[in-house]
Amino acid sequence: MSSTTTSTTPPHFTQLNDLACAKAGGRVLFATDDWFAVADNLLKGDPPQWKEGVFTEYGKWMDGWESRRKRMEGHDWCIVQLGVSGVISGVEVDTSYFTGNYAPRFSLQAACLPDGTTFPVRQPRMGTAASPQQLAGMEEIKTEEWTELVPMTALRPGYPDTCQNYFHITSTQRWTHVRLNMYPDGGIARLHVYGIGSKDWSTVKSNELVDLVAMDNGGVCLGFSNAHYGHPRNAIGLGRADNMGDGWETARRLDRPPILKADESGVLVVPGCEWAVYRLGHPGVILKIEIDTNHFKGNYPDSCRIEACTLSPTEEKAVLGRDRAAIGNEEVKWKTLLGPTKLSAHRRLFLSGGQVQPVGVVSHVRLTMTPDGGISRMRLWGFSRAPNPAKL
Ligand SMILES: NC(=O)NC(NC(N)=O)C(=O)[O-]
């Protein structure tokens, strides 16, 4: 079900959503041993840190999950509940800064558990390990029998050129939980579980407004022109952005004229723009839009626009296969959903009625910002199927 990539270039699956990160609601439900550093650190959104000369009561301060050197039978493992359940395309096991203490081997298992499955209560604390009662409680869930996504595989130590360990996963099933095994013990800085959320659309009523592009509803970013400071997938993340790092932020465009001018509507006249293309979680009719520039105060875009189109899975595959960047280019027949719209600093802008064009059922959107800057969230509320007007 998996293949390993050792290249330093991140594989394409790392562009998908991180279904396990704490910001998406991912949680560590159980860990055999949290001695040097708690397993919850695995799901942090920021890059791992090194603090020279910093020690805790239990040992060297480490940013990741680090268990004790085992002096008993067995190996260490932890259970992660995905924040967004879905199909997993690959994992990144980041061993940054774990050099003489990295986990030499790991494996990954997964399960799709029914809502309401309970786990023994866990209070993560350094210097602790799971109690015999907690281990006994876990035995009932039989996590050792979960489906193996990545078999036991060697990891590389946490030096800058070896710390990223990538594994493609070919399973197409929906998963809710993963079990990370370290053999026999050691440290891992971060676990990124990349994929696409899957929602049961059969339970959504035809007149229920849903954010069709939200990552938890199955939305995904397929391509972009620039993600220098923040990936455009952040713009479809859960809740409002925590800070500027939790939004889509481009570099300043270098083709901006030295002295800027605006047209009669106040929109800046500049040659360039930046774009990101998203596939909706379900094709639908978009009626309301929110563009949030939360935290972007000195670097909000002058304006944005949104176009939409309908692509079948085969058409999408053909476009992406020709050239990944082509999805944002004119090869696709884009229709205007939201015309050029002035943005302002650190503000939520809600658009509906006459501002949102009636383009019918669409499956993909292109968000364009002019000339550059940051957008923290884009919400596209609509009906997941063409509604019967008589029933509205
Ligand atoms: N210097 C260390 O990192 N030692 C130990 N780890 C921590 N975090 O203290 C170890 O060997 O497992």
Side-chain angles (χ1 to χ4, degrees), residues 17-46 48 58 62-68 70 74-88 91-94 103 106-150 152 167 169 171 173-195 197-199 215-216 237-239:
N17 301 317
D18 186 349
L19 305 177
C21 71
K23 177 68 197 165
R27 283 199 307 144
V28 174
L29 300 180
F30 177 81
T32 49
D33 185 315
D34 285 304
W35 188 269
F36 288 114
V38 296
D40 306 63
N41 293 331
L42 288 167
L43 311 183
K44 281 158 68 172
D46 53 346
Y58 306 103
M62 296 298 292
D63 190 5
W65 175 34
E66 189 188 353
S67 64
R68 282 171 297 180
K70 262 201 158 2
H75 73 280
D76 285 311
W77 49 278
C78 72
I79 300 294
V80 175
Q81 178 177 22
L82 300 179
V84 172
S85 50
V87 177
I88 302 173
V91 288
E92 177 182 343
V93 182
D94 180 343
F106 97 111
S107 75
L108 193 81
Q109 294 165 273
C112 186
L113 302 183
D115 285 350
T117 307
T118 53
F119 284 78
V121 177
R122 167 171 189 264
Q123 264 149 5
R125 257 186 306 126
M126 274 194 286
T128 65
S131 66
Q133 291 83 348
Q134 285 169 319
L135 281 164
M138 286 305 293
E139 261 173 38
E140 285 167 32
I141 307 172
K142 299 202 182 317
T143 62
E144 68 283 358
E145 292 173 11
W146 287 3
T147 306
E148 188 178 76
L149 295 186
V150 185
M152 194 196 293
F167 303 88
I169 291 171
S171 149
Q173 273 172 266
R174 172 178 177 269
W175 305 109
T176 57
H177 294 71
V178 294
R179 170 172 155 150
L180 172 67
N181 300 289
M182 303 198 284
Y183 301 102
D185 55 23
I188 292 174
R190 296 284 186 272
L191 174 70
H192 298 292
V193 180
Y194 291 108
S198 51
K199 183 181 177 78
M215 78 166 276
D216 50 326
L238 271 59

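In this chain, residues are counted from 1 in sequence order.
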Would you say Asn41's side chain and Asp63's backbone share a donor-acceptor pair under 3.5 angstrom? no
Between Gly197 and Val84, what is the shortest heavy-atom contact and its length? CA-CG1, 3.7 Å
Is there a side-chain contact between Thr147 and Ser171, using heavy atoms and a 4.5 Å cut-off? no
Determine, for Arg190 against Asp18, whether the closest basic-nitrogen to carboxylate-oxygen distance falls under 4.0 angstrom. no
Can you find a heavy atom in the side chain of Trp146 that is under 4.5 Å from one in the side chain of Leu113? yes
Mutual orientation of the aromatic rings belonging to Phe119 and His177 [parallel < 30°, tilted 30-60°, perpendicular > 60°]: parallel
So which atom in Ser67 and which in Met182 form the shortest heavy-atom distance, rounded to 0.1 Å? OG-CE, 3.7 Å
Closest non-hydrogen contact found for Val150 with Ser107 is O-CB, 3.2 Å
Output yes when a side-chain donor or acceptor of Asn17 lies under 3.5 Å from a complementary backbone atom of Met215, and no otherwise. no
Which value, rounded to the nearest 0.5 Å, describes the distance between Ile169 atom CD1 and Ile88 atom CD1? 5.5 Å
Will you find, in the side chains of Thr32 and Asp76, an N or O donor that is under 3.5 Å from an N or O acceptor? yes
Can you tell me which residue among Leu108, Asp40, Leu43, Val193 is in a side chain to side chain contact (heavy atoms under 4.5 Å, CB included) with Val80? Leu43
Closest heavy-atom contact between Phe36 and Tyr58? CE2-O, 3.0 Å
Partner of Asp34 under side chain to side chain contact (heavy atoms under 4.5 Å, CB included), picked from Arg122, Gln123, Met126, is Arg122
Can you give me the closest heavy-atom contact between Ala31 and Ala39, atom names plus distance? CB-CB, 3.9 Å
Neighbour count >12 (heavy atoms, 6.0 Å) for atom CZ, Arg27: no
Thr176 side chain to Ala111 main-chain N or O, any donor-acceptor pair under 3.5 Å? yes
Can you tell me if Asn181 and His75 form a side-chain donor-acceptor pair at under 3.5 Å? yes
I'd like to know if the side chain of Gln134 reaches the main chain of Val121, judged simply by a donor and an acceptor atom lying under 3.5 Å from each other, with no hydrogens or angles considered. yes
Under a 4.5 Å cut-off applied to non-hydrogen side-chain atoms, are Val28 and Pro124 in contact? no
Check: Trp77 side chain, Tyr183 main-chain N or O, donor-acceptor pair, under 3.5 Å: no
Less than 4.5 Å apart, side chain to side chain, heavy atoms only: is that true for Gln109 and Glu145? no
Could you grab the distance from atom OG of Ser198 to atom CG of Asp216, nearest 0.5 Å is fine? 11.5 Å
To the nearest 0.5 Å, tell me how far Asp94 CG sits from Leu191 CG. 10.0 Å
Considering only heavy atoms from C-beta outward, does the side chain of Lys70 approach that of Arg68 to under 4.5 Å? no
Taking all non-hydrogen atoms of both residues, which atom of Leu82 and which atom of Ala20 are closest, and how far apart? CD2-CB, 3.9 Å
Can you check whether Trp65 reaches Leu180 side chain to side chain, under 4.5 Å on heavy atoms? yes
